[in-house]
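Below: the structure, in C-alpha coordinates.
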Amino acid sequence: MPELPEVETIARNLRPALVGKAILEADLCWKRTLAKPSAAKFKRDIRGQEIREISRRAKFLVIQLSTDFLIIHLRMSGDLLAIIGGYAPAKHDRFILKLSEDTTLVFHDPRKFGRVWLVKNPDEVLGNLGPEPLGSDFSAGWLYENLQRRKRQLKPLLLDQAFIAGIGNIYVDESLHMAKLHPLMRSNRVSEAQAEDLWRAVQAVLEEGIRRNGASIDWVYRGGDFQNHFRVYGRGGKTCPVCGTIIDRITVGQRGTHFCPACQVLER
DNA sequence: CACGAGACCTGTTCGC
DNA sequence: TGCGAACAGGTCTCGT
(Lines give C-alpha, C1' and ligand atoms only; values in the text may rest on other atoms or scores of the structure.)
Protein backbone atom coordinates (compact mmCIF):
# COMPACT_ATOMS: atom_id res chain seq x y z
CA MET A 1 0.00 0.00 0.00
CA PRO A 2 2.47 2.60 0.99
CA GLU A 3 4.09 5.01 -1.36
CA LEU A 4 5.60 8.33 -0.37
CA PRO A 5 2.39 10.07 0.77
CA GLU A 6 1.22 7.09 2.81
CA VAL A 7 4.59 6.71 4.53
CA GLU A 8 4.68 10.45 5.20
CA THR A 9 1.22 10.21 6.76
CA ILE A 10 2.30 7.31 8.96
CA ALA A 11 5.44 9.16 10.10
CA ARG A 12 3.38 12.22 11.03
CA ASN A 13 0.87 10.13 12.96
CA LEU A 14 3.46 8.08 14.84
CA ARG A 15 5.66 10.97 15.88
CA PRO A 16 3.57 12.34 18.77
CA ALA A 17 2.84 8.84 20.12
CA LEU A 18 6.43 7.59 20.09
CA VAL A 19 9.04 10.32 20.37
CA GLY A 20 10.63 10.37 23.81
CA LYS A 21 9.64 6.83 24.74
CA ALA A 22 12.13 4.12 25.67
CA ILE A 23 12.37 0.67 24.09
CA LEU A 24 11.95 -2.02 26.72
CA GLU A 25 11.98 -5.10 24.50
CA ALA A 26 11.77 -6.23 20.87
CA ASP A 27 9.75 -9.26 19.83
CA LEU A 28 10.19 -10.76 16.37
CA CYS A 29 7.24 -12.90 15.22
CA TRP A 30 8.35 -13.55 11.62
CA LYS A 31 12.09 -13.99 11.37
CA ARG A 32 12.58 -12.77 7.80
CA THR A 33 11.08 -9.38 8.62
CA LEU A 34 14.44 -8.49 10.14
CA ALA A 35 16.90 -7.66 7.37
CA LYS A 36 19.83 -6.60 9.55
CA PRO A 37 21.54 -7.52 11.91
CA SER A 38 21.01 -10.98 13.45
CA ALA A 39 17.99 -11.42 15.71
CA ALA A 40 20.17 -11.83 18.77
CA LYS A 41 22.19 -8.68 18.11
CA PHE A 42 19.08 -6.73 17.17
CA LYS A 43 17.28 -7.56 20.42
CA ARG A 44 20.35 -6.86 22.49
CA ASP A 45 21.25 -3.56 20.81
CA ILE A 46 17.79 -2.01 20.60
CA ARG A 47 16.85 -2.58 24.22
CA GLY A 48 17.12 0.55 26.33
CA GLN A 49 17.42 3.01 23.44
CA GLU A 50 15.11 6.01 23.33
CA ILE A 51 13.11 7.14 20.30
CA ARG A 52 14.45 10.56 19.35
CA GLU A 53 12.79 11.35 16.02
CA ILE A 54 10.66 9.78 13.29
CA SER A 55 11.09 10.83 9.68
CA ARG A 56 10.69 9.56 6.15
CA ARG A 57 13.11 9.05 3.26
CA ALA A 58 11.42 7.87 0.04
CA LYS A 59 9.18 4.98 1.15
CA PHE A 60 11.31 4.24 4.23
CA LEU A 61 10.43 5.19 7.78
CA VAL A 62 13.52 6.32 9.63
CA ILE A 63 13.37 6.11 13.40
CA GLN A 64 16.31 7.75 15.08
CA LEU A 65 17.20 6.13 18.38
CA SER A 66 19.74 7.09 21.03
CA THR A 67 22.63 5.50 19.15
CA ASP A 68 21.21 3.60 16.15
CA PHE A 69 18.66 4.04 13.38
CA LEU A 70 15.67 1.73 13.08
CA ILE A 71 14.66 1.77 9.41
CA ILE A 72 11.44 0.20 8.18
CA HIS A 73 10.09 -0.48 4.68
CA LEU A 74 6.40 -1.46 4.56
CA ARG A 75 6.54 -2.87 1.00
CA MET A 76 3.11 -3.99 -0.20
CA SER A 77 0.98 -4.64 2.84
CA GLY A 78 2.84 -3.35 5.89
CA ASP A 79 1.40 -1.04 8.47
CA LEU A 80 2.75 0.46 11.68
CA LEU A 81 0.53 1.07 14.67
CA ALA A 82 1.24 2.76 17.97
CA ILE A 83 -0.98 1.14 20.56
CA ILE A 84 -1.37 2.94 23.84
CA GLY A 85 -2.70 0.71 26.59
CA GLY A 86 -3.17 -3.04 26.41
CA TYR A 87 -1.77 -4.77 23.33
CA ALA A 88 -3.50 -7.91 22.10
CA PRO A 89 -1.53 -9.89 19.50
CA ALA A 90 -3.24 -9.94 16.09
CA LYS A 91 -2.95 -12.36 13.21
CA HIS A 92 -0.41 -10.68 10.96
CA ASP A 93 1.78 -8.95 13.53
CA ARG A 94 5.39 -9.56 12.46
CA PHE A 95 7.39 -7.44 14.83
CA ILE A 96 6.66 -5.69 18.13
CA LEU A 97 8.47 -3.11 20.22
CA LYS A 98 7.40 -2.80 23.82
CA LEU A 99 7.87 0.80 24.90
CA SER A 100 7.65 2.79 28.09
CA GLU A 101 4.32 4.27 29.23
CA ASP A 102 2.39 1.12 28.27
CA THR A 103 2.91 1.80 24.57
CA THR A 104 3.50 -0.83 21.87
CA LEU A 105 4.74 -0.29 18.33
CA VAL A 106 3.34 -3.03 16.08
CA PHE A 107 4.47 -3.89 12.58
CA HIS A 108 1.52 -5.58 10.91
CA ASP A 109 2.19 -7.10 7.48
CA PRO A 110 -0.01 -9.84 5.95
CA ARG A 111 2.21 -10.48 2.93
CA LYS A 112 5.48 -10.56 4.87
CA PHE A 113 7.35 -8.43 2.31
CA GLY A 114 8.17 -5.64 4.76
CA ARG A 115 11.68 -5.31 6.19
CA VAL A 116 13.36 -3.78 9.23
CA TRP A 117 16.99 -2.75 9.74
CA LEU A 118 18.90 -1.55 12.78
CA VAL A 119 22.05 0.29 11.68
CA LYS A 120 24.49 2.91 12.92
CA ASN A 121 24.69 4.60 9.54
CA PRO A 122 21.40 5.08 7.64
CA ASP A 123 23.27 5.26 4.32
CA GLU A 124 23.79 1.51 4.59
CA VAL A 125 20.11 1.22 3.71
CA LEU A 126 19.29 4.54 2.05
CA GLY A 127 22.53 5.21 0.21
CA ASN A 128 21.41 4.27 -3.29
CA LEU A 129 18.20 6.27 -3.43
CA GLY A 130 17.60 8.97 -6.00
CA PRO A 131 16.40 12.46 -5.07
CA GLU A 132 13.33 13.11 -2.96
CA PRO A 133 10.64 14.34 -5.38
CA LEU A 134 9.43 16.99 -2.95
CA GLY A 135 12.98 18.03 -2.06
CA SER A 136 15.07 20.86 -3.43
CA ASP A 137 17.43 18.63 -5.50
CA PHE A 138 14.51 17.65 -7.71
CA SER A 139 14.32 20.46 -10.25
CA ALA A 140 12.85 20.60 -13.75
CA GLY A 141 16.35 20.97 -15.15
CA TRP A 142 17.66 17.97 -13.25
CA LEU A 143 14.74 15.88 -14.48
CA TYR A 144 15.17 16.89 -18.12
CA GLU A 145 18.91 16.20 -18.10
CA ASN A 146 18.55 12.84 -16.42
CA LEU A 147 15.69 11.72 -18.65
CA GLN A 148 17.96 12.45 -21.63
CA ARG A 149 20.73 10.28 -20.24
CA ARG A 150 18.53 7.18 -20.24
CA LYS A 151 16.53 5.46 -22.93
CA ARG A 152 13.99 3.76 -20.76
CA GLN A 153 10.23 3.70 -20.79
CA LEU A 154 8.94 6.52 -18.60
CA LYS A 155 6.91 4.45 -16.19
CA PRO A 156 9.55 1.88 -15.20
CA LEU A 157 12.13 4.68 -14.95
CA LEU A 158 9.97 6.73 -12.56
CA LEU A 159 9.42 3.61 -10.46
CA ASP A 160 13.18 3.06 -10.22
CA GLN A 161 14.05 4.23 -6.71
CA ALA A 162 17.65 4.90 -7.70
CA PHE A 163 16.41 7.38 -10.31
CA ILE A 164 13.86 9.15 -8.15
CA ALA A 165 12.75 7.87 -4.76
CA GLY A 166 9.27 7.47 -3.34
CA ILE A 167 6.97 7.12 -6.36
CA GLY A 168 4.97 3.89 -6.64
CA ASN A 169 2.38 2.40 -8.95
CA ILE A 170 -0.51 4.70 -8.03
CA TYR A 171 1.34 7.99 -8.12
CA VAL A 172 3.27 7.20 -11.31
CA ASP A 173 0.07 6.54 -13.25
CA GLU A 174 -1.52 9.68 -11.83
CA SER A 175 1.57 11.80 -12.57
CA LEU A 176 1.91 10.63 -16.16
CA HIS A 177 -1.75 11.32 -16.78
CA MET A 178 -1.51 14.81 -15.35
CA ALA A 179 1.58 15.50 -17.47
CA LYS A 180 -0.14 13.98 -20.55
CA LEU A 181 2.74 11.57 -21.19
CA HIS A 182 2.39 7.94 -22.28
CA PRO A 183 3.84 5.39 -19.80
CA LEU A 184 5.82 3.69 -22.58
CA MET A 185 7.37 6.86 -24.00
CA ARG A 186 11.16 6.72 -24.15
CA SER A 187 12.71 9.00 -21.56
CA ASN A 188 15.23 10.49 -24.00
CA ARG A 189 12.42 11.67 -26.29
CA VAL A 190 10.81 13.88 -23.63
CA SER A 191 11.15 17.57 -24.55
CA GLU A 192 12.25 20.23 -22.10
CA ALA A 193 8.67 21.51 -21.84
CA GLN A 194 7.33 18.00 -21.26
CA ALA A 195 9.94 17.38 -18.57
CA GLU A 196 8.78 20.53 -16.83
CA ASP A 197 5.16 19.34 -17.03
CA LEU A 198 6.18 15.99 -15.56
CA TRP A 199 8.20 17.67 -12.82
CA ARG A 200 5.20 19.78 -11.89
CA ALA A 201 2.78 16.82 -12.08
CA VAL A 202 4.85 14.53 -9.85
CA GLN A 203 4.96 17.16 -7.13
CA ALA A 204 1.29 18.11 -7.48
CA VAL A 205 0.11 14.50 -7.27
CA LEU A 206 2.32 13.65 -4.28
CA GLU A 207 1.29 16.82 -2.48
CA GLU A 208 -2.36 16.05 -3.08
CA GLY A 209 -1.78 12.53 -1.75
CA ILE A 210 -0.23 13.91 1.43
CA ARG A 211 -2.98 16.52 1.81
CA ARG A 212 -5.55 13.71 1.65
CA ASN A 213 -3.55 11.56 4.13
CA GLY A 214 -2.63 9.02 1.44
CA ALA A 215 -4.74 6.41 -0.31
CA SER A 216 -6.46 3.57 1.52
CA ILE A 217 -7.44 0.56 -0.56
CA ASP A 218 -8.92 -2.82 0.28
CA TRP A 219 -8.39 -4.22 3.72
CA VAL A 220 -5.48 -1.95 4.52
CA TYR A 221 -7.31 1.14 5.67
CA ARG A 222 -5.61 4.00 7.34
CA GLY A 223 -8.03 6.86 7.03
CA GLY A 224 -6.64 8.51 3.90
CA ASP A 225 -9.05 9.32 1.10
CA PHE A 226 -6.93 9.93 -2.00
CA GLN A 227 -8.42 6.71 -3.45
CA ASN A 228 -11.64 8.67 -4.01
CA HIS A 229 -9.81 11.12 -6.23
CA PHE A 230 -7.86 8.90 -8.62
CA ARG A 231 -8.03 10.15 -12.20
CA VAL A 232 -6.76 6.95 -13.86
CA TYR A 233 -5.37 4.46 -11.32
CA GLY A 234 -7.73 1.51 -10.96
CA ARG A 235 -10.19 3.17 -13.36
CA GLY A 236 -9.70 1.07 -16.51
CA GLY A 237 -12.95 1.01 -18.51
CA LYS A 238 -14.21 4.21 -16.90
CA THR A 239 -14.00 7.68 -18.40
CA CYS A 240 -11.09 10.09 -18.27
CA PRO A 241 -12.04 13.06 -16.07
CA VAL A 242 -10.29 15.40 -18.52
CA CYS A 243 -11.68 14.30 -21.90
CA GLY A 244 -14.23 11.53 -21.31
CA THR A 245 -12.35 8.87 -23.28
CA ILE A 246 -12.38 5.33 -21.86
CA ILE A 247 -9.29 4.71 -19.73
CA ASP A 248 -7.09 1.87 -20.92
CA ARG A 249 -5.35 -0.74 -18.76
CA ILE A 250 -2.16 -2.42 -19.92
CA THR A 251 0.71 -4.22 -18.21
CA VAL A 252 4.09 -2.49 -18.02
CA GLY A 253 6.95 -4.16 -16.21
CA GLN A 254 4.42 -6.58 -14.71
CA ARG A 255 2.50 -3.73 -13.11
CA GLY A 256 -1.09 -2.78 -13.89
CA THR A 257 -0.92 0.50 -15.80
CA HIS A 258 -3.80 2.89 -16.38
CA PHE A 259 -3.82 5.76 -18.84
CA CYS A 260 -6.02 7.80 -21.12
CA PRO A 261 -5.34 6.89 -24.77
CA ALA A 262 -6.51 10.33 -25.90
CA CYS A 263 -4.64 12.51 -23.37
CA GLN A 264 -1.49 10.37 -23.33
CA VAL A 265 -0.54 9.65 -26.92
CA LEU A 266 2.56 7.61 -27.74
CA GLU A 267 4.26 9.46 -30.60
CA ARG A 268 6.61 7.49 -32.77
C1' DC B 1 22.12 -0.99 -20.58
C1' DA B 2 17.21 -2.23 -20.81
C1' DC B 3 13.78 -5.50 -20.09
C1' DG B 4 10.96 -9.60 -18.95
C1' DA B 5 10.14 -13.33 -15.88
C1' DG B 6 10.25 -15.39 -11.50
C1' DA B 7 10.56 -15.02 -6.31
C1' DC B 8 8.94 -13.61 -2.08
C1' DC B 9 3.75 -13.95 0.62
C1' DT B 10 -1.35 -13.81 1.91
C1' DG B 11 -5.83 -12.33 0.97
C1' DT B 12 -9.69 -10.82 -1.94
C1' DT B 13 -12.31 -10.78 -5.97
C1' DC B 14 -13.84 -12.52 -10.33
C1' DG B 15 -15.34 -15.95 -13.76
C1' DC B 16 -17.24 -20.36 -14.66
C1' DT C 1 -21.67 -22.81 -3.26
C1' DG C 2 -17.07 -24.26 -4.88
C1' DC C 3 -12.74 -23.65 -6.95
C1' DG C 4 -9.03 -22.03 -9.57
C1' DA C 5 -7.18 -17.90 -11.70
C1' DA C 6 -6.02 -13.24 -11.56
C1' DC C 7 -4.68 -9.47 -9.07
C1' DA C 8 -2.84 -6.32 -5.18
C1' DG C 9 0.49 -0.22 -2.62
C1' DG C 10 7.28 -3.22 -3.73
C1' DT C 11 11.75 -4.73 -4.73
C1' DC C 12 15.40 -8.16 -5.69
C1' DT C 13 17.78 -11.37 -8.79
C1' DC C 14 18.67 -13.77 -12.92
C1' DG C 15 18.80 -14.58 -17.93
C1' DT C 16 18.64 -12.56 -22.58
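For the numbers below, each heavy atom of this structure counts, side chains included, while hydrogens, waters and symmetry mates do not. Naming: A, B, ... by sequence-line order, numbering from 1 per chain.
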* Tell me what Arg249(A) touches on the nucleic acid: a base, only sugar-phosphate, or nothing, going by heavy atoms under 4.0 Å. => sugar-phosphate
* **Among dC8(B), dC3(B), dA8(C), the one nearest Arg186(A) by side-chain distance** => dC3(B)
* Asked: How many Å lie between CZ on Phe163(A) and P on dC3(B), as a whole number?
  -> 13 Å
* Asked: Atom NZ of Lys155(A) and atom P of dA2(B): how far apart are they, to the nearest Å?
  -> 19 Å
* **Any Lys112(A) side-chain N or O less than 4.0 Å from OP1/OP2 of dT10(B)** => yes
* P gap between dT10(B) and dT1(C), integer Å -> 27 Å
* To do: Using the P atoms only, state how far dC1(B) lies from dG10(C), rounded to an integer number of Å.
  => 24 Å
* Pick the P atom in dC3(C) and in dC9(B), then give their distance to the nearest Å. => 26 Å
* To do: Send over the distance from Arg189(A) CZ to dA2(B) P, rounded to a whole Å.
  => 16 Å
* To do: Answer whether the closest heavy-atom distance between the side chains of Glu53(A) and Arg15(A) falls below 4.5 Å.
  => yes
* Structure fact -> Whole-Å distance, Phe230(A) CZ to dA8(C) P, equals 13 Å
* Could I get the full list of ring pair (Phe, Tyr, Trp, His ring centres under 6.0 Å) partners for His258(A), not counting sequence neighbours? => Tyr233(A)
* Structure fact -> ring pair (Phe, Tyr, Trp, His ring centres under 6.0 Å) filter on Phe95(A), not counting sequence neighbours, yields Phe42(A)
* Please measure how far the P atom in dA5(C) lies from the corresponding atom in dA7(B), and state the result in whole Å. => 15 Å
* Helical stems, DNA chain C - three or more consecutive Watson-Crick or G-U wobble pairs below 3.5 Å -> B:2-8 with C:10-16, B:10-16 with C:2-8
* To do: Using only side-chain N and O atoms of Arg150(A), determine if any of them is under 4.0 Å from OP1 or OP2 of dA2(B).
  => yes
* To do: Describe the nucleic acid contact of Gln254(A) in one word from base, sugar-phosphate, nothing, applying a heavy-atom distance below 4.0 Å.
  => base
* To do: Take atom CG of Leu4(A) and atom P of dG10(C), then tell me their distance rounded to the nearest Å.
  => 11 Å
* Structure fact -> In B/S/- notation (B base, S sugar-phosphate only, - none; protein heavy atoms under 4.0 Å), nucleotides 11-16 of chain C written 5' to 3' is B-----
* Using a cut-off of less than 4.0 Å, is there contact between a side-chain N or O of His92(A) and OP1 or OP2 of dC9(B)? -> no
* Take the protein atom CZ of Phe113(A) and the nucleotide atom P of dG11(B), then report the distance between them rounded to whole Å. => 12 Å
* Asked: What residue pairs, at least two apart or across chains, pass salt bridge (Lys or Arg N to Asp or Glu O under 4.0 Å) with a residue in residues 246-260 of chain A?
  -> none
* What residue pairs, at least two apart or across chains, pass side chain to side chain donor-acceptor pair (under 3.5 Å) with a residue in residues 18-32 of chain A? -> Lys21(A)-Thr103(A)
* Structure fact -> Sorted by chain and residue number, the side-chain contact (heavy atoms from CB on, under 4.5 Å) partners of Ala165(A) (sequence neighbours excluded) come out as Arg57(A), Ala58(A), Leu129(A), Gln161(A)
* Asked: How would you label the contact of Arg32(A) with the nucleic acid (heavy atoms, under 4.0 Å): base, sugar-phosphate, or nothing?
  -> sugar-phosphate
* Asked: Separation of Leu157(A) atom CG from dA2(B) atom C1', in whole Å?
  -> 11 Å
* Asked: Quick one: is Lys91(A) getting a side-chain N or O under 4.0 Å of the dT10(B) phosphate, OP1 or OP2?
  -> no
* To do: Name all pairs fulfilling the salt bridge (Lys or Arg N to Asp or Glu O under 4.0 Å) condition that reach into residues 59-69 of chain A, sequence neighbours left out, sorted by first residue then second.
  => Asp68(A)-Lys120(A)
* Using whole Å, report how far CZ of Arg111(A) lies from C1' of dT12(B). => 11 Å
* Asked: Is the backbone of Glu3(A) close enough, under 3.5 Å, to the side chain of Glu6(A) for a donor and an acceptor to pair up by distance?
  -> yes
* For Ser38(A), what residues pass the side-chain contact (heavy atoms from CB on, under 4.5 Å) criterion, not counting sequence neighbours? -> Ala40(A), Lys41(A)
* Enter the distance from Gln49(A):CD to Asp45(A):CG here, rounded to the nearest 0.5 Å. => 7.5 Å
